[in-house]
Amino acid sequence: MSLSLRHSCHRLRTVRCWCRLGGLLICLAAALALPALASTRKIILDTDPGSDDAMALMLALNSPELDVRAITVVPGNVTAQQGLENALRMVSLANRCDIPVAAGAQHPLFQKLITAEFWHGKNGLANVELPPSKCKVDSRYGPDLIIQMVHAAPHEITLVPVGPLTNIALAVLKDPSIVPLVKEVILMGGSISGGNVNAAAEANIYNDPEAAQIVFQAGWPLTMVGLDVGDKTLISRKQLAELGRTHGPVNDFIYLVVKYLVELSEKYGSSGSPMYDPLAVGVAIDATLVTAPAMHVDVETRGEFTRGETVANRHGFVERNVLQGDRYVIEELDPVVPNAKVCVDVQADRFLQLFVSRIQGK
Ligand code: BDR
Ligand code: CA
């Protein structure tokens with residue numbers, strides 16, 4: 001096996017790669033030398049790339065704790081077509097054509113798409129023009145790919161959606177039997193203290209509230225990495241300077257993305273840019289980065305001012321009102337069953353350090 005071929009096997013894929021290419025002895029030696037492999041988390045990243053999606057994707061690809069089994073693209077920050085192009089160019093830049101990249105939904109379930117080039121640049125990738133992709137799109141439909149992979153590795157796949165939840169909802173609607181077979185869902189979306197689209201709603205949920213409600217109510221272990229906790233992780237000139245000291249295709253790309261985002265935040269009076277999507281990947285890498293109490297979360301799909309809000313019950317009960325004559329009286333407190341771990345705090349410095357060092361290839 002040539003040296004370059006060996007190098008192309010990314011850390012934890014090494015055993016698989018060698019097993020395919022090398023002999024039994026090499027394979028066994030590699031397996032014994034890598035006890036950490038057992039704890040590697042298999043993820044499917046569902047993304048609407050997206051500048052912070054780009055950082056999330058590169059963090060995932062550069063983290064040995066994660067094994068990115070597929071990337072599915074959802075419309076959100078950009079159209080489905082632009083998002084697919086962006087995803088393909090990024091996996092190509094990272095030399096990871098082995099990862100299936102699949103197109104999914106073309107629009108939200110019941111409403112028109114709202115794209116966000118305003119924040120993410122004309123091409124969604126902070127206006128950074130990446131070289132055309134050497135990687136080819138996987139012909140499978142994103143939700144079908146999710147269904148297939150979950151059945152092929154029951155209880156092993158963690159879904160990490162960092163865009164609107166359309167693809168994940170479509171997968172559940174088509175095959176609800178995947179729900180108990182998914183290890184965990186760690187999603188970026190929602191907020192328990194106001195939105196970024198408007199006073200109530202966060203963008204990923206606002207872009208497809210019905211899909212989000214399906215995902216939150218599905219009954220699988222779910223962690224919500226929301227806007228409010230993401231707002232505590234601001235990447236700023238300090239991290240930009242650190243990224244500027246090292247080089248490589250991925251490092252240099254992320255440097256430009258961060259530069260764009262930091263300048264944009266400064267324009268709007270903030271010292272840094274929130275790491276929304278990368279934090280969801282960070283939680284998949286190391287759940288101790290966040291504090292996440294269990295709550296019951298519903299997605300508002302009808303409210304005049306609150307469509308797309310994630311409504312979280314922080315007390316764990318609801319009052320039971322019974323009609324007595326011409327009024328209701330509170331008779332009892334009924335417990336609610338939590339359906340999500342909701343991130344309320346984060347060790348921001350530790351996370352930012354992790355991000356920078358992984359992008360630097362350390
Ligand atoms: C979310 O919306 C998108 O703009 C970002 O990529 C992130 O997923 C933040 O509200
Ligand atoms: Ca996103």
Side-chain angles (χ1 to χ4, degrees), residues 43-60 68 71-80 82-87 90 101 104-105 108 113-128 142 159-168 185-209 211-212 215 223-235 254 257-258 260-261 264-265 268 270 272-284 299 307-310 342-343 346 351 355:
I43 71 162
I44 298 178
L45 187 72
D46 187 71
T47 169
D48 58 335
S51 52
D52 63 329
D53 300 72
M55 294 192 284
L57 174 60
M58 293 312 186
L59 174 61
V68 182
I71 295 162
T72 51
V73 176
V74 68
N77 290 323
V78 289
T79 62
Q82 179 72 58
L84 184 62
E85 182 62 30
N86 291 351
M90 288 192 285
V101 177
L113 175 67
I114 307 156
T115 57
E117 293 85 353
F118 179 86
W119 295 114
H120 296 266
K122 272 202 189 88
N123 65 355
L125 294 184
N127 295 328
V128 182
L159 303 177
V160 185
V162 294
L165 290 161
T166 321
N167 281 342
I168 311 298
V185 178
I186 302 174
L187 66 86
M188 191 284 134
S191 163
I192 57 170
S193 59
N196 54 354
V197 170
N198 53 34
E202 181 279 328
N204 285 342
I205 308 296
Y206 190 72
N207 229 326
D208 201 338
V215 172
T223 300
M224 172 177 137
V225 185
L227 192 73
D228 25 25
V229 74
D231 281 335
K232 297 182 182 186
T233 59
L234 299 184
I235 194 159
I254 294 299
V257 170
V258 173
Y260 172 92
L261 289 172
L264 190 67
S265 340
Y268 287 96
S270 170
S273 184
M275 299 286 278
Y276 297 127
D277 293 356
L279 182 59
V281 170
V283 173
V299 179
R307 181 169 155 79
E309 179 174 359
T310 43
V342 177
C343 297
V346 56
F351 167 64
F355 176 77

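We count ligands from 1, going down the list as the structure has it; atoms in each ligand are counted the same way.
- In this structure, the separation between CG on Asp208 and CD1 on Ile114 is 10.0 Å, given to the nearest 0.5 Å.
- Residue Tyr276 places a heavy atom less than 4.0 Å from ligand 1.
- Set against the non-hydrogen atoms of Ala203, the atoms of ligand 1 under 4.0 Å away are 2 (O), 10 (O).
- For atom 1 (C) of ligand 1, the closest heavy atom belonging to the protein is Glu202 OE2, 3.3 Å.
- Distances between N or O atoms of Asp277 and those of ligand 1 include at least one value under 3.5 Å.
- A side-chain contact (heavy atoms from CB on, under 4.5 Å) with Tyr276 is found for exactly one of Val162, Val225, Asp231, namely Asp231.
- Taken to the nearest 0.5 Å, the OG1 atom of Thr115 stands 10.0 Å off from the NE2 atom of His120.
- Here Val162 has backbone heavy atoms under 4.0 Å from ligand 1, and that is the only part of it that gets that close.
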Quick one, Asn123 with Gln82, criterion side-chain contact (heavy atoms from CB on, under 4.5 Å). Give me CA distance, side-chain angles, the key distance, then yes/no. CA-CA 7 Å; Asn123 65 355; Gln82 179 72 58; 3.9 Å; yes
Stepwise side-chain contact (heavy atoms from CB on, under 4.5 Å) check, Leu57 with Thr47: CA-CA 8 Å; Leu57 174 60; Thr47 169; 5.9 Å; no
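- Counting only protein N, O or S atoms, 5 lie closer than 3.0 Å to the Ca ion (ligand 2).
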Step by step, work out the side-chain contact (heavy atoms from CB on, under 4.5 Å) result for Asp46 and Leu159. CA-CA 7 Å; Asp46 187 71; Leu159 303 177; over 6 Å; no
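- In this structure, CG in Asn127 is found 5.5 Å from OH in Tyr260, a value given to the nearest 0.5 Å.
- Scanning the protein for heavy atoms near atom 4 (O) of ligand 1, the closest one is Asn77 OD1, 2.7 Å.
- When hydrogens are left out, the protein atom nearest atom 6 (O) of ligand 1 is Asp52 OD1, 2.5 Å; that is the closest non-hydrogen contact.
- With rounding to the nearest 0.5 Å, the separation of CG in Asp48 from CG in Asp53 is 4.5 Å.
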Working note: Asn207 + Leu113, criterion side-chain contact (heavy atoms from CB on, under 4.5 Å); need CA distance, chi angles, decisive distance, verdict. CA-CA 7 Å; Asn207 229 326; Leu113 175 67; 3.9 Å; yes
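- To the nearest 0.5 Å, atom CE of residue Met224 and atom CD of residue Glu202 are 8.0 Å apart.
- The nearest protein atom to atom 2 (O) of ligand 1, hydrogens excluded, is given as Asn204 OD1, 3.4 Å; this is a heavy-atom distance.
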